[in-house]
2 protein chains.
Amino acid sequence: MTGVSQATVSIVLNGRSEGEVRIAPETRDRVLRAIAETGYVADPVARRLAAGHNRIIGVFTYESVFPTSNSDFYHPFLVGIEQRAESLGSDLLLLTSAPVVDGRRRIFHEGNRLRLADGCVLLGRSLDREELARLLADGLHFVSIGRRDDAGGPVPYVGADYAAAVSALVHRAVRLGHTNLAYLGHGGPAESWADRMRGFTDTVSSLGVQGIHLPPATPAPAAVGGVGGGVAEVWERVRAAGVTAVFAEDHADGVALYQHAKQLGVPLSIATLGEPMRPGNESNVEFSGFRIPRQRMGAEAMDVLTALIEGNPTQTQRLLECELVVGETLVERK
Amino acid sequence: MTGVSQATVSIVLNGRSEGEVRIAPETRDRVLRAIAETGYVADPVARRLAAGHNRIIGVFTYESVFPTSNSDFYHPFLVGIEQRAESLGSDLLLLTSAPVVDGRRRIFHEGNRLRLADGCVLLGRSLDREELARLLADGLHFVSIGRRDDAGGPVPYVGADYAAAVSALVHRAVRLGHTNLAYLGHGGPAESWADRMRGFTDTVSSLGVQGIHLPPATPAPAAVGGVGGGVAEVWERVRAAGVTAVFAEDHADGVALYQHAKQLGVPLSIATLGEPMRPGNESNVEFSGFRIPRQRMGAEAMDVLTALIEGNPTQTQRLLECELVVGETLVERK
DNA sequence: TCAAGGGGCTAATACGAATTAGTAAACACT
DNA sequence: AGTGTTTACTAATTCGTATTAGCCCCTTGA
């Protein structure tokens, strides 16, 4: 159309016409006009092959991106990711082609397309350790949302500082007169749960108050509704130990226990360490706890990833502060 | 390592050694052994470049996919799209960066990345006719979610059969004794609204009952809350015409009118022809109407698009049946 | 002995951009 | 006029794989 060579188009397209290689402004305009008219876009695949990058960021989730049930757990993260992608001028590629094996998506599989993108944001409660190790070994650019333990090397991540948040809650409880606390939950296996429990255990021992660990009453991990029929049992153990403040790993567990105690007319302080999976408070009680800065996590993950891709990584492991929620359920000990 | 050519490796890798091109079993084993030893994996990028397509499906929305407010509207479509993408082994490229010109997003603009993908799903209440025409003219593969009129040629779409749904509701109203009906809404400009009104008008005239058309009281299109302060006016016209059943294009309009009539203690049947924009019924009345099969629309759009891309299009214009909601607001005429 | 007919493999090319070496033309300066 | 120097571009190569035309060698048959 313009009578120029492919090389010229490439140079114009990549805005290199001002540096070492120069193109006359008129020629450049002619090319740009033709591009605008035809809507031409460089093939990302060829681009990636030739240049090694294509301004596409992959988003890999271990569950569906657009979930049916647990209303938008990912949503806030994605808002942050999308915002940053837009300002960076990158497109987002949802790696939905990864097949589900044994109930979870696998990154590595025959025909995995991770390399189509310049880098990848990993989203999921728990990431497979072996896959992380392989990502590191293969030298692929990626960031995990949520802290991860080393996997044959340090894993780049942007996580929430659960340990600090829980610690702050414990401090508050102690300030309110509680000296007999309990952590209700598994404390694992994902790093996020472990961090919460560590925050509890460390703070309790450093403050010299009593802190016990209660496993949730419902052992089945797939069971919904948290504590389920076992609230009564948990309650018994809480009473027996003389606990006056409970830190519930799972929001639903905390809610159930709170309502149980309230029905019995016994005062019990509760802090929940996870956000409700479903929006809309069943009861309209605001639970004490903290808020995970999801949107910011998404945005910062993009920052880390960009830096990684461009070869000047700074602070590839970040923990963001959670916002404390005072709420109504963590109150002075009577 | 094995002393064979790159071509041989490619052939072995793709298991073509039994067809037209043949490789001796011993050679094949030697290659396979070397592959196993080195852990070699074909570069997916080069693979895609050679293959000519990239198994990327673009998703174009006239608004951001992840904004907090209107995500609920798109969500079900996206669930369907993602599900199908997964089973088709495609990745999804979010084309959210379209700039807003004259109050609406444009597909074609400087730097649009539409051609990145093999094809594209278009999502939005109303699509620009010229842009559709250009998509057709350029021979780009795409499907619209929602029926579209021809734009210099037939537009591939997967829509909801609003005409049939409204028709069914009108039939029900007549069966319940109503003979004086009204359609409350613009009946345009988008195809989806026109279809609803056509369903009403056609059915009313074929059944030989009276059916009038009432424009919504709030003329400003941007105004939220539907009928707003104009309910009273609408109500006057309904009374004056002796209408006993109203078909409200906009959900909010229907709700407002229903409540107005209820307050006055006058029986009035209402059917709403659009789903509420915000979840959570303000009042806990279940309105009569229908449900749009959004998730299925998303999935079938992917089917149509895939067929289009692969060059064997079948049924590129589909209307899916809506599920009728009996509800409590369309009742027997007293 | 020579042609015909496979089997088994490779050289060459395509895919679509990015990059680099190089070249022609214009210009500057002695 | 001769010798740099700059400007503005293009030809050629590269990335890693898929594909195809074709080559060589071994059989077979007359």
Check: Can A:Arg48 and A:Asp118 be counted as an ion pair, charged N to O under 4.0 angstrom?
Finding: yes
Check: Who are the side-chain contact (heavy atoms from CB on, under 4.5 Å) partners of B:Ser90, not counting sequence neighbours?
Finding: B:Arg55, B:Ile57, B:Leu88
Notebook entry, point to check: What is the distance from CD of B:Glu26 to P of C:dG7, rounded to the nearest Å?
Noted result: 16 Å
Next item on the list: Using a strict cut-off of less than 4.0 Å between a Lys/Arg side-chain nitrogen and an Asp/Glu carboxylate oxygen, indicate whether B:Asp91 and A:Arg113 qualify as a salt bridge.
Entry: yes
Next item on the list: Taking the side chain as every heavy atom from C-beta outward, state whether A:Leu127 and A:Arg148 have any pair of such atoms under 4.5 Å apart.
Entry: yes
Margin query: Taking side-chain contact (heavy atoms from CB on, under 4.5 Å) as the criterion, tell me which of B:Leu136, B:Thr316, B:Asp149 meets it with B:Val155.
Written below: B:Leu136
Notebook entry, point to check: Just how far, in rounded Å, is C1' of D:dT7 from CZ of A:Arg28?
Noted result: 15 Å
Check: Taking CZ from A:Arg22 and P from D:dT5, how many angstroms apart are they, rounded to a whole number?
Finding: 17 Å
Check: Bend angle of the helix from C:dT1-D:dA30 to C:dT30-D:dA1 from five-pair axes at both ends, rounded to 10°?
Finding: 70°
Next item on the list: Begin with the C-alpha distance, continue with both residues' side-chain angles, and end with the deciding distance and a verdict on side chain to side chain contact (heavy atoms under 4.5 Å, CB included) for B:Met1 and B:Thr38.
Entry: CA-CA 10 Å; B:Met1 278 181 67; B:Thr38 57; 3.6 Å; yes
Item checked: Nearest non-hydrogen partners of A:Arg129 and A:Ala151, listed with the distance -> CD-CB, 3.6 Å
Notebook entry, point to check: Reading nucleotides 14-24 of chain C 5' to 3', which nucleotides get B (base under 4.0 Å from a protein heavy atom), which S (sugar-phosphate only), which -?
Noted result: -BBBBBB----
Note to self: Whether the B:Arg47 and B:Asn54 side chains hold a donor-acceptor pair (N or O, under 3.5 Å, no angle test) is what I'd like checked.
What the structure shows: no
